[in-house]
Amino acid sequence: MKGTGPLKKIVVEAESNGTVRGFVGEPQVDLPLKGDKLDVAGALGRAGFLTVIKDLGLKEAYKGMVRLYTSEIAEDLAFYLTESEQIPSAVGLGVYVEPDGAVSAAGGFLVQSFPPADEEIIDELIARIEKMPSITELLRSGKDPEQVLEMIFGKIPFDILERQVPVFRCSCSRERIERVLISLGREEITALAAEQGSADVTCEFCRKIYHFDREELEQMIAPIR
């Protein structure tokens, strides 16, 4: 998500195995609360774009883009799914940040309607979701994902197909960072070696710093024609 606000952007990568990583453009942004909630829309900005890139195992990745709708994460994801992927969707997200900055609760739900759509069921789900407490309240009260689903679906039966525990895990490595440096080209790497004598590259996701000394930079140059 890229916006005109002080946060500038939110970048998230998620894998099918439940691992996730992300970063924001300006992590030091601190805005007053909007009521009792974080002012996400104010931080991101009211204008901008949400871009989704999916690796579906095809020749090229799928890419979809929409303008920011409200700059609230859940609402914009629901808007994207409905507008770009043509899948009517309800998205609820919540996070509770303690006074010391620690996150004590975070989670959400995604409910989608696939064809053929049953309008009565959709209307019932919408009505139930609208009457529910916020997802943050539910999480802080100790509700687990299954209990949240029960509140959403009511008497509509559903099956649990899989359980996964999402974890933060960065996929950066020295080898990947080295490939990024090589992509700069012979001239740029030669200049780094000559002018600075080394290079430090910081992963934007996990903030790990990778150091490459002059000898390592010169070794990178050798195979580049």
Side-chain angles (χ1 to χ4, degrees), residues 1-3 7 9-25 27 40 44 48-66 68-69 71-96 103-117 121-122 125 129 135-136 138-139 143-153 156-180 183 201-208 210:
M1 302 179 83
K2 284 189 176 181
L7 198 64
K9 63 181 176 180
I10 301 171
V11 179
V12 177
E13 287 186 3
E15 304 284 348
S16 59
N17 62 5
T19 60
V20 64
R21 65 178 188 165
F23 70 92
V24 297
V40 177
L44 185 58
F49 293 91
L50 165 61
T51 304
V52 175
I53 301 172
K54 293 183 181 181
D55 181 359
L56 302 174
L58 304 174
K59 211 169 188 180
E60 292 187 12
Y62 167 86
K63 184 175 181 180
M65 179 187 291
V66 294
L68 293 180
Y69 182 56
S71 296
E72 293 288 346
I73 309 299
E75 292 176 13
D76 276 85
L77 285 173
F79 177 72
Y80 163 81
L81 291 166
T82 303
E83 185 78 9
S84 183
E85 299 192 3
Q86 303 296 303
I87 305 174
S89 306
V91 183
L93 297 175
V95 60
Y96 190 82
V103 175
S104 59
F109 63 81
L110 165 62
V111 179
Q112 296 184 302
S113 171
F114 292 102
I121 290 180
I122 292 175
L125 290 174
I129 291 171
I135 190 70
T136 305
L138 295 175
L139 295 171
K143 298 290 186 187
D144 61 28
E146 285 86 353
Q147 290 171 317
V148 173
L149 286 177
E150 287 169 2
M151 294 184 69
I152 293 172
F153 286 104
I156 301 170
F158 64 89
D159 297 315
I160 303 294
L161 301 180
E162 186 177 7
R163 288 181 175 86
Q164 284 187 346
V165 179
V167 294
F168 176 88
R169 185 177 299 146
C170 192
S171 58
C172 72
S173 66
R174 190 171 184 82
E175 291 71 26
R176 292 183 72 170
I177 299 298
E178 187 173 321
R179 288 198 295 270
V180 171
S183 70
V201 181
T202 303
C203 174
E204 288 186 294
F205 289 93
C206 67
R207 310 310 296 169
K208 182 176 181 178
Y210 292 88

Exercise. Can you pull the salt bridge (charged side-chain N to carboxylate O under 4.0 Å, His left out) pairs that have at least one residue in residues 104-113, sequence neighbours excluded?
Worked result: none
Seminar exercise, completed: In terms of heavy-atom contacts, G22 and F168 come closest through N-CE1, 4.0 Å
Exercise. In Å, rounded to the nearest 0.5 Å, how long is the span from CE of M1 to CG of L44?
Worked result: 5.5 Å
Exercise. Would you call the rings of F79 and Y69 parallel, tilted or perpendicular if under 30° counts as parallel and over 60° as perpendicular?
Worked result: parallel
Exercise. So do R21 and S171 actually touch side chain to side chain, heavy atoms under 4.5 Å?
Worked result: yes
Exercise. Can you find a heavy atom in the side chain of V180 that is under 4.5 Å from one in the side chain of V201?
Worked result: no
Problem set entry | Residues in side-chain hydrogen bond (donor to acceptor under 3.5 Å, both in side chains) contact with K54, at least two apart in sequence or another chain | E85
Problem set entry | All side-chain hydrogen bond (donor to acceptor under 3.5 Å, both in side chains) counterparts of E75, not counting sequence neighbours | T70
Problem set entry | Y96 side chain near L139 side chain, heavy-atom distance below 4.5 Å | no
Exercise. Within a reach of under 6.0 Å around CZ of R174, are more than 12 heavy atoms found that belong to other residues, nucleotides or ligands?
Worked result: yes
Exercise. Near Q164 CD, under 6.0 Å, is it more than 12 heavy atoms from other residues, nucleotides or ligands?
Worked result: yes
Exercise. When rounded to the nearest 0.5 angstrom, what is the spacing between CD1 in I53 and CE in M65?
Worked result: 8.0 Å
Problem set entry | G64 to S84 - nearest heavy-atom pair and separation | CA-OG, 4.0 Å
Exercise. Atom NZ of K208 and atom SG of C170: how far apart are they, to the nearest 0.5 Å?
Worked result: 9.0 Å
Exercise. Shortest non-hydrogen contact from T136 to G94?
Worked result: OG1-CA, 3.2 Å
Exercise. Atom OH in Y210, atom CD1 in I177: separation rounded to 0.5 Å?
Worked result: 6.0 Å
Seminar exercise, completed: For T202, the side-chain hydrogen bond (donor to acceptor under 3.5 Å, both in side chains) test, sequence neighbours excluded, returns none
Exercise. L68 and F49: which non-hydrogen atoms are nearest, and at how many Å?
Worked result: CG-N, 3.6 Å
Problem set entry | Nearest-0.5 Å distance, CG of residue L81 to OG of residue S113 | 12.5 Å
Exercise. With a 4.5 Å heavy-atom cut-off, do I73 and I10 have their side chains touching?
Worked result: yes
Problem set entry | Sequence-distant partners of E204, salt bridge (charged side-chain N to carboxylate O under 4.0 Å, His left out), two or more places apart | none
Exercise. Is R163 salt-bridged to E146, cutoff N-O under 4.0 Å?
Worked result: yes
Seminar exercise, completed: Residues A78 and S89: closest non-hydrogen pair is CB-O, 3.8 Å
For this session: Would you give the length of the straight line joining atom CD of E150 to atom CZ of F158, rounded to the nearest 0.5 angstrom?
Result: 5.0 Å
Exercise. What are the two closest non-hydrogen atoms of G108 and I135, and how far apart are they?
Worked result: CA-CG1, 4.0 Å
Problem set entry | side-chain hydrogen bond (donor to acceptor under 3.5 Å, both in side chains) against Q86, all qualifying residues, sequence neighbours excluded | none
For this session: With side chain to side chain contact (heavy atoms under 4.5 Å, CB included) as the test, would you mind laying out the steps for L125 and I156 before giving the verdict?
Result: CA-CA 9 Å; L125 290 174; I156 301 170; 4.0 Å; yes
